[in-house]
Novice: 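Submitted below is the structure of interest, expressed as structure tokens.
Only heavy atoms go into these numbers, but all of them, side chains included; no hydrogens, no water, no symmetry mates. Proteins get letters first, then strands, A, B, ... in listed order; numbering begins at 1 in each.
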Protein chains: 2
Amino acid sequence: MLSKKCKYAIHALVYLAERYQKGPIHIQEIAEKQRIPKKFLEAILLELRNAKILHSKKGKGGGYYLYRRPEDVNLIEIIRLMDGAIAMLPCVSLNYYEPCEECIDEKTCGIRNAFISVRDETLKVLKNSNLAQIVADQKK
Amino acid sequence: MLSKKCKYAIHALVYLAERYQKGPIHIQEIAEKQRIPKKFLEAILLELRNAKILHSKKGKGGGYYLYRRPEDVNLIEIIRLMDGAIAMLPCVSLNYYEPCEECIDEKTCGIRNAFISVRDETLKVLKNSNLAQIVADQKK
DNA sequence: ACTTTGTCTATTAATTAAGTAGGCAAATAT
DNA sequence: ATATTTGCCTACTTAATTAATAGACAAAGT
């Protein structure tokens, strides 16, 4: 399951994608419209900014805005940033690999194969799911 | 990520699948060989028993054994039993559906589509991954 | 009877997720 | 300049979930 943090991030990004190139949006506005605790949202947007997904402007009239085109921000990146590994086992994670503590021998482990397939299929779907796509789906 | 509980369950079941129809296996033995805290394992095996995946025998010479054939126990069932929903969002879960708290309107939500696809692909893979398959993969 | 082994309920400990507080720093307006 | 707005950053608190443990009980076998 995605964490609330991750879901908040997706909602905030979709909100900003709908307003792409319309100038900075105030945190307060996003928090209210998407019903996200403001302080929590601040931390989330900051992480997205540090990851070069968002840019910000300070002072009056400031706020956050999408740095990249909506079609260039996909769910893989957002989920990895917020929640870490996408795989169901640490030992099959591409970006957050760790050996499984409970595993006796990874080389002969028969469990990993299935989860490698799950990971690959999941990445395939999420790679094609970007902010532009989500905004489009929303309008139906 | 799968919980430790779920990973312990899979390891214990694979251990029992390897010994299918060889009589009951003592909890203690599984706990030691698979390095699982005994008391924790007890609770796990009990759940698997209540779900009709395992049977048990009490008293001397007792223990747990697979109730069904290894090919008839797949990862979907184990994961759902131990960790609940397989989907990444509650609102797209087939067996543990719940509306997303942060969602304004599920009908027009553009986020769900991707996660419905992820869920379907994941189920497709996990459905074909059963204990017999895992044991076979292990021998390579 | 006595021993072995699973059953069940209740607790505790550890970890992670979620949310909050408050001062600092940069940009803008007057 | 200086006051105001707004994001930046660190630290902390609370809540929830996961992991692990304790101990009495019940059934089966010797």
Novice: Just by distance, do the side chain of A:Arg112 and the backbone of A:Cys91 share a donor-acceptor pair under 3.5 Å?
Specialist: yes
Novice: C:dG19, OP1 or OP2 - any side-chain N/O from A:Lys4 closer than 4.0 Å?
Specialist: yes
Novice: Using heavy atoms to find the nearest nucleotide of DNA chain C for B:Gly63 and A:Asp83 separately, return the residue whose nucleotide is more 5′.
Specialist: B:Gly63
Novice: Over how many whole Å does the gap from A:Met82 atom CE to C:dG19 atom P extend?
Specialist: 14 Å
Novice: Write out all pairs satisfying side chain to side chain donor-acceptor pair (under 3.5 Å) with one or both partners inside residues 80-93 of chain A, taking only residues at least two apart or from two chains.
Specialist: A:Ser3-A:Asp83
Novice: Which of parallel (below 30°), tilted (30 to 60°) and perpendicular (above 60°) describes A:Tyr8 and A:Phe40?
Specialist: perpendicular
Novice: When you check the phosphate oxygens OP1 and OP2 of C:dT28, does a side-chain N or O of A:Lys57 lie under 4.0 Å from one of them?
Specialist: yes
Novice: So if I take residues 7-35 of chain A and measure heavy-atom distances to DNA chain C, which residues fall below 4.0 Å?
Specialist: A:Tyr8
Novice: Is the positively charged end of A:Arg119 above the ring of A:Phe115, judged by distance under 6.0 angstrom from the centroid and angle within 45° of the axis?
Specialist: no
Novice: Which is more 5' along DNA chain C, the nucleotide nearest A:Leu2 or the one nearest B:Leu45? Just name the residue.
Specialist: B:Leu45
Novice: Between B:Ser3 and D:dA19, does any side-chain N or O lie under 4.0 Å from OP1 or OP2?
Specialist: yes
Novice: Are B:Glu101 and A:Lys4 close enough for a salt bridge, meaning some N to O gap below 4.0 Å?
Specialist: yes
Novice: Given 3.5 Å as the limit, does a donor-acceptor pair link the side chain of A:Asn113 with the main chain of A:Ile116, or not?
Specialist: no
Novice: For C:dA18, take OP1 and OP2 only and decide whether either is under 4.0 Å from a side-chain N or O of A:Lys39.
Specialist: no
